[in-house]
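Chain A is the first sequence line, chain B the second, and so forth, proteins listed ahead of strands; every chain is numbered from 1.
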Amino acid sequence: MGAVKLSGDNYDRIYAVVRRIPRGHVATYGQIADLAGLDGRARQVGYAMRTLTIEGVPWHRVVNARGQISARAEPGSDLIQRQLLESEGVVFDAADRLKLEDYRWRPKMDGRPRRRPRAQDSL
DNA sequence: CATATGGCTCAAC
DNA sequence: TGTTGAGCCATAT
């Protein structure tokens with residue numbers, strides 16, 4: 001029968017990518033989405049993290065594009081994330097940010113097309 | 001099926 | 001540097 005595309009499939013892909021983030025490194029939501037073949041759907045990565053229930057996924061290594069830990073529904077969870085990262089050697093500055101230039105995970109990807117630029121109305 | 005949100009992101013101010 | 005607005009689209013209700 002025709003394969004029915006389940007949304008959970010995307011989650012698995014996201015989790016698979018997150019699992020590959022090396023210790024002491026981080027990746028942005030957009031980056032995860034990109035690597036998971038869901039370019040441009042950074043928000044869904046956040047959703048995947050929010051509904052994350054399985055273990056073995058280093059969700060704490062996922063931060064937003066500013067190198068900051070995003071506030072979420074559950075208060076205190078962001079602090080836990082920061083502590084986990086610090087325990088891996090990641091250092092935050094006074095603005096609670098980490099240096100993406102230093103910690104960003106760079107998997108092998110040659111000439112992979114960046115996600116398409118948003119159409120701009122006028123400039 | 002229609003609305004409302006959201007662990008985002010980019011560009012412009 | 002921080003703020004604001006708008007785009008994006010899967011989940012939730």
Side-chain angles (χ1 to χ4, degrees):
Chain A
M1 283 289 278
V4 180
K5 189 94 169 173
L6 295 178
S7 339
D9 192 40
N10 284 346
Y11 275 31
D12 288 337
R13 221 169 300 184
I14 291 171
Y15 298 149
V17 174
V18 175
R19 259 188 277 248
R20 282 163 53 202
I21 304 176
R23 190 168 178 273
H25 288 260
V26 300
T28 65
Y29 293 95
Q31 189 181 354
I32 300 292
D34 212 5
L35 293 170
L38 304 170
D39 53 297
R41 274 161 279 195
R43 273 190 167 161
Q44 276 55 266
V45 175
Y47 251 104
M49 296 293 107
R50 185 198 184 191
T51 65
L52 177 60
T53 171
I54 65 179
E55 297 173 22
V57 179
W59 56 274
H60 58 273
R61 292 182 193 141
V62 184
V63 297
N64 62 28
R66 299 176 181 166
Q68 274 185 310
I69 296 172
S70 301
R72 68 214 48 147
E74 189 173 337
S77 188
D78 49 323
L79 295 180
I80 293 176
Q81 178 171 7
R82 171 167 176 163
Q83 288 173 0
L84 284 170
L85 286 175
E86 288 180 330
S87 73
E88 294 186 349
V90 176
V91 179
F92 289 80
D93 63 16
D96 297 318
R97 285 192 301 218
L98 55 82
K99 239 183 157 191
L100 272 181
E101 301 170 55
D102 291 344
Y103 299 110
R104 180 175 240 189
W105 172 44
R106 290 174 185 177
K108 318 280 169 124
M109 45 175 177
D110 11 312
R112 203 169 227 263
R114 283 300 255 158
R115 85 188 134 78
R116 60 186 151 138
R118 229 182 305 128
Q120 289 213 267
D121 252 308
S122 50
L123 187 59

Quiz item: What is the pairing partner of dG7(B), taking Watson-Crick or G-U wobble pairs with both distances under 3.5 Å in any strand?
Solution: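 dG7(B) is unpaired by these criteria.
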Practice problem: Under a 3.5 Å limit for both distances, which nucleotide forms a Watson-Crick or G-U wobble pair with dT13(C), could you say? | Solution: dA2(B)
Closest contact, heavy atoms only, [X] versus [Y]:
X	Y	value
A95(A)	Q68(A)	O-NE2, 3.2 Å
V62(A)	I21(A)	CG2-CD1, 4.2 Å
V63(A)	I69(A)	CG1-CG1, 4.3 Å
Y103(A)	V91(A)	OH-N, 3.2 Å

Rounding to an integer number of Å, can you tell me how far [X] [atom1] sits from [N] [atom2]?
X	N	atom1	atom2	result
R66(A)	dA11(B)	CZ	P	13 Å
Q68(A)	dT9(B)	CD	P	11 Å
D96(A)	dT1(C)	CG	P	15 Å
L38(A)	dT11(C)	CG	C1'	14 Å

Self-check item: Residue pairs passing the side-chain hydrogen bond (donor to acceptor under 3.5 Å, both in side chains) test where at least one lies in residues 20-30 of chain A, sequence neighbours excluded
Solution: T28(A)-R104(A)
Exercise. May I ask you to check whether over 12 heavy atoms, not counting those of R19(A), lie within 6.0 Å of atom CZ?
Key: yes
Practice problem: Determine, for nucleotides 1-8 of chain B in 5'-to-3' order, which nucleotides have protein heavy atoms under 4.0 Å from the base (write B), from only the sugar-phosphate (write S), or from neither (write -). | Solution: ----BBBB
